[in-house]
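Since the structure comes first, as structure tokens, the remarks are kept for the end.
Every chain is numbered from 1 and lettered A, B, ... according to where its sequence line falls, protein lines coming before strand lines. Since we're looking at a predicted model, the values are computed, not measured.
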2 protein chains.
Amino acid sequence: MSEAKSAESRPYHHGDLRRALVDAARRLLEAEGPSALSLRAVAREAGVSPAAPYHHFKDKAELLDAVAQEGWEILGQQMSDAKAADQGLHQLTALGIAYVCFARDNPALYRVMYDAARDKEMLPAGMQDNKDSAYCMVRDTMIEHGADPTAEVDLELATVAAWCGAHGLAEMAGFKQFEHLKEQLGGERAFFDAVFGHMGLFPSMHGH
Amino acid sequence: MSEAKSAESRPYHHGDLRRALVDAARRLLEAEGPSALSLRAVAREAGVSPAAPYHHFKDKAELLDAVAQEGWEILGQQMSDAKAADQGLHQLTALGIAYVCFARDNPALYRVMYDAARDKEMLPAGMQDNKDSAYCMVRDTMIEHGADPTAEVDLELATVAAWCGAHGLAEMAGFKQFEHLKEQLGGERAFFDAVFGHMGLFPSMHGH
DNA sequence: AAGGTATCTTTACGGCGCTTAGATATGAAA
DNA sequence: TTTCATATCTAAGCGCCGTAAAGATACCTT
């Protein structure tokens with residue numbers, strides 16, 4: 001657990017403690033898992049007193065919110081990259097794979113993201129409006145591949161259905177029960193592909 | 001928060017403290033939510049000392065496991081009931097609706113169930129073998145409706161895909177973002193139906 | 001230079017999971 | 001029936017946690 005600066009060199013005023021705390025939290029999350037993510041541990045990791053974070057975050061939940069938000073942004077980027085880099089997949093499948101791979105590669109972060117969402121009973125606020133959010137990307141890709149943009153309810157339903165499938169798979173993929181399936185299919189990636197294949201992700205599959 | 005027996009009437013040896021603790025935990029869970037579910041609070045609710053639970057559970061996680069297990073059993077029963085009571089739905093849809101309704105009606109319990117699963121990185125142990133588990137019920141229903149039972153991998157994939165969809169919807173349904181969709185569709189139930197309609201749950205939809 | 005404000009530290013409170021040691025009841029062996 | 005090992009419970013305490021209050025320190029404006 002390294003600190004941003006050597007302990008004795010840091011001035012009394014940190015400079016950007018808020019940033020440093022979020023970074024420290026992500027470092028801890030990666031290294032020790034979600035259960036090790038206490039406010040005090042984050043403060044320790046950042047080299048400040050246990051009370052210091054309260055000048056930048058109302059409480060622990062607000063710190064975790066900041067961490068979660070960064071997670072959503074990274075997820076959006078990775079999905080955007082996956083859509084751009086054509087891998088010979090249907091673009092919706094490519095998005096789904098990118099989503100699930102993000103969850104596999106950042107399990108602790110993914111958990112913090114949805115823990116925060118469940119607590120507030122909502123996904124990040126701008127999700128359905130921010131053009132480069134993961135959610136909007138799915139919806140836009142639906143349109144690009146033939147979904148009727150004027151059938152708003154139906155478009156939203158298709159997006160939700162795809163989102164549900166991706167999130168469901170992201171959680172299931174971590175369970176030992178399905179290891180044998182991955183092996184039989186010749187790898188995790190093939191497993192993801194196959195499960196998505198069993199879901200009706202594509203608007204063209206439905207008579208709209 | 002009532003106790004099982006009035007405090008002074010309880011004998012030194014409780015009789016069935018293990019049972020009482022699980023019940024107390026479920027009562028607390030229902031009343032105060034998952035965050036209020038501390039071992040000490042459960043012990044208080046059951047009217048015993050904070051250390052008493054350790055004679056029946058190795059640690060807090062083991063208590064929560066017991067609570068979660070009851071959750072999975074109840075879920076299995078409710079899905080079984082839903083399958084038996086024909087509501088004019090495709091039986092797989094009926095199972096999915098029952099799954100999602102369970103999560104809606106027992107959000108805290110549902111959360112404990114999956115928190116435990118994520119911690120152990122596996123769903124309850126016998127899930128894929130116990131004839132009346134929710135999971136096996138889905139798989140069997142797939143077969144009853146035309147899935148090829150000898151195509152084992154494909155059958156498993158279809159079951160996983162349906163499970164992913166149901167779990168995904170169960171989590172999304174609690175988010176405020178989708179309230180307007182429920183309203184536009186004329187209710188929660190219609191929303192569930194519509195989302196499932198956008199997923200390829202039925203084996204007959206795929207060319208196997 | 002002075003004073004206000006933002007930032008950080010110190011200290012402290014109650015609650016938590018869990019451990020240890022001791023009290024009490026049960027039930028099997030003598 | 002007495003004995004005594006065992007199971008079950010309580011009491012006390014450890015280190016951790018989230019958070020609040022009050023004081024110290026540095027920065028910023030005037």
Would Glu62(B) and His56(B) count as a side-chain contact (heavy atoms from CB on, under 4.5 Å) if you check the C-alpha gap in whole Å, the side-chain angles of each, and the deciding distance to 0.1 Å?
CA-CA 9 Å; Glu62(B) 205 168 275; His56(B) 302 271; over 6 Å; no
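- Using a 4.0 Å cut-off, some side-chain N or O of His56(B) falls inside it from OP1 or OP2 of dC9(D).
- Rounded to a whole Å, the CG atom of Asp16(A) is 11 Å from the P atom of dT7(C).
- If you run side-chain hydrogen bond (donor to acceptor under 3.5 Å, both in side chains) between Glu179(B) and each of Lys176(B), Gln177(B), Lys182(B), only Lys182(B) comes through.
- Going from atom CG of Leu64(B) over to atom C1' of dG17(C) covers 12 Å, rounded to whole Å.
- To the nearest angstrom, C1' of dT7(C) lies 14 Å from CZ of Phe57(A).
- One cannot find a donor-acceptor pair under 3.5 Å joining the base of dT8(D) and the side-chain atoms of Arg18(B).
- Following rounding to the nearest Å, Leu28(B) (CG) and dC16(C) (P) show an atom-to-atom distance of 10 Å.
- Between Tyr54(A) atom OH and dC17(D) atom P the separation is 12 Å, expressed in whole Å.
- Summarising the geometry, the separation between CG on Leu17(B) and P on dT26(C) is reported as 15 Å, rounded to the nearest angstrom.
- Look at CG on Leu39(B): it is 14 Å from P on dT10(D), rounded to the nearest Å.
- Two residues are said to be in side-chain contact when any heavy atoms from C-beta on lie closer than 4.5 Å; Leu92(B) and Phe196(B) fail this criterion.
- Between the CZ atom of Arg44(A) and the C1' atom of dC8(C) there is a distance of 17 Å, given to the nearest Å.
- Of the residues near DNA chain D, His55(A) and Leu37(A), the one whose nearest nucleotide (by heavy atom distance) lies more toward the 5' end is Leu37(A).
- Atom CD of Glu152(B) is surrounded by 12 or fewer heavy atoms from other residues, nucleotides or ligands within 6.0 Å.
- For Ala51(B), the listed nucleotide lying nearest its side chain is dT20(C); candidates were dC17(D), dT20(C), dA20(D).
- Across the interface with DNA chain C, nearest-nucleotide mapping of Arg40(A) and Ser38(B) shows Arg40(A) to be the residue nearer the 5′ end.
- Among dT10(C), dC18(C), dT19(C), the nucleotide with an atom closest to any side-chain atom of Asp59(B) is dC18(C).
- Aromatic ring centres of His167(B) and Tyr114(B): separated by under 6.0 Å.
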